[in-house]
**Q** 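Take a look at the following structure, please.
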Amino acid sequence: MVELETLSEQNALWIARAAVGDPDAQASLANAIIEAAETGSAAMAECVAMAELMGRMVAVHGRPGDKRILVQALLLASMYTAQIKNWDRTAAYEAEVIALLNELADEGDEEAGEMLQMAADVVPAELLTVAAKLRRRTPDDIGFVYQEG
């Protein structure tokens, strides 16, 4: 397990393994960063950025649970951007979370389906439209939802 409080030799090993694509190291780092942000033991803006990066890296592997890590990271980012009143970015993160929950529900994740059902009652229709577009995304076009302007 990664301990972010120290820059230990073990942490350096996890970081090196994550950088070369080790999905277990990526998942461990993502979870440690999310936990550090949630507990306030590290600077929030940096944790949000690192959690999103690691969440996206680990989700690429497609193992069970990897998309859930990305959902957690994006929810964290959504809460942070709402806190700093960056509403466009908050909506973009929320749309991506809904798209991922849809994918998870389609793959048989019952909890994701329940979360999606709850969200449908409170999420604006335009956000659901963006989420539907994201479901058909490719790595090249994911940026459309985050573009400025």
**Q** Does the side chain of Leu70 come within less than 4.5 Å of Val58's, by heavy atoms?
**A** no
**Q** So do the side chains of Asn31 and Gln72 get within less than 4.5 Å of each other, counting heavy atoms only?
**A** yes
**Q** What distance do Leu29 atom CG and Ile34 atom CD1 have between them, rounded to the nearest 0.5 Å?
**A** 11.0 Å
**Q** Enter the distance from Glu52:CD to Cys47:SG here, rounded to the nearest 0.5 Å.
**A** 13.0 Å
**Q** Can you give me the closest heavy-atom contact between Arg17 and Ala25, atom names plus distance?
**A** CB-CB, 3.7 Å
**Q** Measure the shortest side-chain to side-chain distance between Gln26 and His61 over non-hydrogen atoms and say whether it is less than 4.5 angstrom.
**A** yes
**Q** How long is the gap from CD1 on Ile33 to CG on Leu53, to the nearest 0.5 Å?
**A** 7.5 Å
**Q** Knowing that exactly one of Met50, Met44, Glu46 qualifies, which makes a side-chain contact (heavy atoms from CB on, under 4.5 Å) with Val48?
**A** Met44
**Q** State plainly whether one hydrophobic cluster holds both Val20 and Val60, where clusters connect Ile, Leu, Val, Met, Phe, Trp and Tyr through side-chain heavy atoms under 4.5 angstrom apart.
**A** no
**Q** For the residue pair Met57 and Ala18, what are the closest heavy atoms and their distance?
**A** CE-O, 3.8 Å
**Q** Answer whether the closest heavy-atom distance between the side chains of Glu94 and Leu75 falls below 4.5 Å.
**A** no
**Q** Please enumerate all residues that pass side-chain contact (heavy atoms from CB on, under 4.5 Å) together with Thr81, with sequence neighbours excluded.
**A** Asn86, Arg89, Thr90, Tyr93
**Q** Before accepting this row, confirm whether a basic side-chain N of the pair Asp66/Arg56 lies closer than 4.0 Å to the acidic partner's carboxylate O.
**A** no
**Q** For the atom pair CG (Asp109) and CG (Asn102), what is the distance rounded to the nearest 0.5 Å?
**A** 11.5 Å
**Q** Sorted by first residue and then second, give each side-chain hydrogen bond (donor to acceptor under 3.5 Å, both in side chains) pair with at least one member in residues 111-125; sequence neighbours left out.
**A** Arg68-Glu111
**Q** Say whether Leu100 and Val122 are linked into one hydrophobic cluster, either directly or through other cluster members, by side-chain heavy-atom distances under 4.5 angstrom.
**A** yes
